[in-house]
Amino acid sequence: MTNEDWQDVASRDLMSLGGRLALLVRGEGSHVWDADGTRYLDFLGGIAVNALGHAHPVFAETVARQAATLSHVSNYFATPQQLELAARLKQLAGTGEKGRVFLANSGTEANETAIKLARLHDRDGLIVSLEGAFHGRSTGALALTPKAAYQDPFRPLLPGVVHLAPTIEALEQLFASGERISALVVEPIQGEAGVLPLPDGYLRRARELTTANDALLILDEVQTGMGRTGEWFAFQREGILPDAITLAKGIAAGFPLGAMVTFGAASDLFYPGTHNSTFGGNPLASAVANAVIQEIQDRGLLANVAARSAQLRAGVASLPLVGGTRGAGLLIGIPLTAPVAAEVREAAQARGLIVNAPTDDAIRIAPAYTIGDAEVEEFLELFAAALSDVSAHHAPIPTQETSA
Ligand SMILES: *Cc1c(COP(=O)(O)O)cnc(C)c1O
């Protein structure tokens, strides 16, 4: 199949959920190739998933070795790979002894687990999420994702969920109102909202108020976790411990896997019969996650994430149409000075660069943790060219000053 005829097949056979941008057939490092042999620099990384880039030998060898040993047995059984992953996640998250891990298959499933954790904590309390949040598309996670286009066709949604403006003032008002709150669920950086960080001090204040009011603080680190921000988890920049974090995206660098990690008393809320998953944390997925974590540690990739972030942000800042940068590590939002993100994305793809436009006026990049000077330079060159292509279309119309 070539680039010419795949689109018809895709629109006939795949559920109609929005355009697919190219027919990709191969990847290596930070590059992918389409069916016509066109090469792209991939700075979307499968939406912040491909932490080691494409076809990384550690990934490929681990999948092959574990698939040839034991790939799935159900959660009626434990496997060494699963136990090792649970221990690693507890250690990286700093839960201490009293932490537990639930392994799932996606970010959404991890968040469903967190919603059930909140119900087990206090069935009569509200679950609070933030305006602009994205927690997933299943009916439970969707109730915490207040975007009309996503929610309206599926009402009625899960009851007992309310949304809050992402400000410290709104947070303080909520807890001053005397409402009974079971859990506050927030992303440290809202990825789908255009890579919007929480206000400074938000998580510390949220920790104080949830603790004082016996509510859980649950952090959706599906996008920000597993090293994406240059720390293993974004909350570790804030000097707090949450009651639970949810993980997925980068955790196995492209192998489907999700997780919820609990801290302290929240670790004792689930009991036999209350939850499980057939595939979740099978030895194949767990082995890949273990190998990915080990590779990040062995190569010092978190330091590379921080260094490349600084390089990219400095390089992007002075380009046309760019209104700054935000985010952390290699989760970077590039706000534009005009609502032309879709055009910039398209111009970038035409020049061989994959980026993402989560909103009308922001570009998101989330490249592999393994990028080096060459990838940073290639990105800056292609992105600058794409921005010039778009600003040429949007040149201010010269006003004719005529004097009578
Ligand atoms: C991607 C994402 C999800 C959903 O994860 P899936 O693996 O697509 O189910 C949930 N929360 C956040 C913050 C995400 O970025």
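Both counts, for ligands and for their atoms, begin at 1 and track the order of listing.
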Side-chain donor-acceptor pairs of residues 57-65 under 3.5 Å, sequence neighbours excluded:
unit_1, atom_1, unit_2, atom_2, d
Thr62, OG1, Val58, O, 2.6

Any protein N/O atoms within less than 3.5 Å of an N/O atom in ligand 1? List the atom names and distances, or say none.
unit_1, atom_1, unit_2, atom_2, d
ligand 1, 7 (O), Gly107, N, 2.8
ligand 1, 9 (O), Gly107, N, 3.4
ligand 1, 9 (O), Thr108, N, 2.8
ligand 1, 9 (O), Thr108, OG1, 2.5
ligand 1, 11 (N), Phe134, O, 3.2
ligand 1, 11 (N), Asp220, OD1, 3.4
ligand 1, 11 (N), Asp220, OD2, 2.7
ligand 1, 15 (O), Gln223, NE2, 2.7
ligand 1, 15 (O), Lys249, NZ, 2.6

Determine which pairs satisfy side-chain hydrogen bond (donor to acceptor under 3.5 Å, both in side chains) with at least one residue from residues 307-320, sequence neighbours left out, and list them in order. Asn304-Arg308, Arg308-Gln311, Arg308-Asp373, Gln311-Asp373, Arg313-Thr325
Arg88: partners by salt bridge (Lys or Arg N to Asp or Glu O under 4.0 Å), with sequence neighbours left out: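 Arg88: salt bridge (Lys or Arg N to Asp or Glu O under 4.0 Å) contacts with Glu84.
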Does Thr145 form a side chain to side chain donor-acceptor pair (under 3.5 Å) with His135? I'd like the steps, not just the answer. CA-CA 6 Å; Thr145 300; His135 297 295; 5.7 Å; no
Do Glu375 and Ser30 have a side chain donor and acceptor closer than 3.5 Å? no
Tell me yes or no: between the side chains of Thr224 and Glu221, is some donor less than 3.5 Å from an acceptor?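 There is such a pair (donor and acceptor under 3.5 Å, judged by atom type) between the side chains of Thr224 and Glu221.
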